[in-house]
Amino acid sequence: MAFELTDEQRAIRTAVREFASDEIEPVAAEHDETGDYPEELVQKAAELDFIAPHIPTEYGGAGMDTLSSTIITEELWRGDPGIGSAIGSRGFGTTMIRKFGDEWMKEEWLPRVANGDAATASAISEPAHGSNVAGIETRAERDGDGFVINGNKMWITNGTVADVAVVMTKTSPSEGHRGITAFLVPTDLDGFSAEKIDNKLGIRASDLAELILDDVRVPEENVIGEVDEGFYQLMEFFADGRVSVAAQAVGAAQAALDAAKDYATDREQFDQKIAEFQGIRHKIAEMATNVEAARSLTYRAATNLQQGDDETARKLASMAKLFASEHAVDVADEAIQVHGGAGYVTDHPVERYYRDARITKIYEGTSEIQKNIVADTLLP
């Protein structure tokens, strides 16, 4: 299946690429070294409609389709995965709010996210539970006209910068996945705290934290959707997240490929450019082929998701996430090889791309989980 981008989508790609080239790339190494959150770049991105571009226009968003949003993610990560993650994750959880939240939730939070004034977080994983969502231990117990939440959430993007979090809890602990409820939890409530995680391998400009909820009291109106329906609500959006991670992986891989091509055409050995050696040429040809294959699969998954073909979209999303993430790491590894010793140090960005790409094989479901999902769609 071929993908012909519309004129608008090509314009979006050009605009994001220019933003990444002019604003992100010059400061990428600095943010990777310091781990500082790129607040100024987030605000600039918001002015260009690059923050949560899926938010509908009636709530102040750009109202972009899935493929357009995918292109934005890809190009932000091509500029720099860490800063790209910080910008691209500002609206984590807004899809749940948009689909299942009450109107007051949408009116209060979606415009603020779209214009850069607020950040959201999606709090699912816990210290002992990652892929096994049904095993979460965070509890929400009824208390009068509301709920009291207790528990820990781990590996939460935007944990220390979010103004509100979509928190998955157990409301009927004995019911497994049938007893999970999503809550909208402002982060300034008593008992809510976040501890920043600084010792990350990559995407260091993106905020990551552990959340602690200690007797956090929320009113019943803060239930997103229906009580005990959170797991089923969440399942509707996992394909969206996996397509987004596939786009991240494509962007990181493209950045590594670009760097390898530039270095190969500049570096000389044995009185000639190393790009003239067949070994290097074949290496770059294979890298480029894998990047293009990952991009095509990702765009196909995005298009199916956009068209609402649920079963096909679920399969393709997992295929795209699996293929793109695995090959992003491979392409970044080969980019280091093209650079030789120079690629192993921070003088060149390829070592950063290698570190940054590695996370795409883990979050939103590990590669092993994606294989299970694909197999389940193919085999009895």
TODO: Decide whether Gln254 and Asp258 meet the rule of one side-chain donor and one side-chain acceptor closer than 3.5 Å.
DONE: yes
Open item on the list: According to side chain to side chain donor-acceptor pair (under 3.5 Å), does anything in residues 217-226 pair up with another residue at least two apart or in another chain? List the pairs.
Closed with: Arg142-Glu220, Asp143-Arg217
TODO: Any ring pair (Phe, Tyr, Trp, His ring centres under 6.0 Å) involving residues 5-54? Give me the pairs, sequence neighbours left out, ordered by first then second residue.
DONE: Phe19-Phe50
Task: Remaining members of hydrophobic cluster (4.5 Å side-chain criterion), Ile149 - done: Phe147, Ile156, Val167, Phe183, Val185, Leu189, Phe192, Leu211, Leu213, Val216, Val218, Val223, Val227
TODO: State which residues pass salt bridge (Lys or Arg N to Asp or Glu O under 4.0 Å) with Asp207; sequence neighbours excluded, sorted by chain then number.
DONE: Lys196
- [ ] Taking atom types as modelled, find out whether Glu39 and Gln43 have a side-chain donor-acceptor pair closer than 3.5 angstrom.
- [x] yes
Hey, can you pull the donor-acceptor pairs under 3.5 Å for the side chains in residues 260-270, sequence neighbours left out?
| unit_1 | atom_1 | unit_2 | atom_2 | d |
| --- | --- | --- | --- | --- |
| Thr265 | OG1 | Lys261 | O | 3.0 |
| Thr265 | OG1 | Asp262 | O | 3.0 |
| Glu268 | OE2 | Lys273 | NZ | 3.4 |

Open item on the list: Testing the 3.5 Å rule here: is there a donor-acceptor pair between the side chains of Thr187 and Asp163?
Closed with: no
Open item on the list: Assigning hydrophobic clusters by single linkage (Ile, Leu, Val, Met, Phe, Trp, Tyr; side-chain heavy-atom cutoff under 4.5 Å), is Met64 placed with Tyr59?
Closed with: yes
- [ ] Could you walk me through whether Ser206 and Ser85 pass side chain to side chain donor-acceptor pair (under 3.5 Å), step by step?
- [x] CA-CA 6 Å; Ser206 180; Ser85 176; 3.0 Å; yes
TODO: For residues Ile136 and Met168, determine if any side-chain heavy atom of one lies less than 4.5 Å from a side-chain heavy atom of the other.
DONE: yes
Pairs of donor and acceptor atoms involving the side chains of residues 239-252, under 3.5 Å and at least two apart or interchain, shall be tabulated with distances.
| unit_1 | atom_1 | unit_2 | atom_2 | d |
| --- | --- | --- | --- | --- |
| Arg242 | NE | Glu364 | O | 3.0 |
| Gln248 | OE1 | Tyr363 | OH | 2.4 |

Task: Backbone N/O of Ile373 and side chain of Lys315: donor-acceptor pair under 3.5 Å - done: no
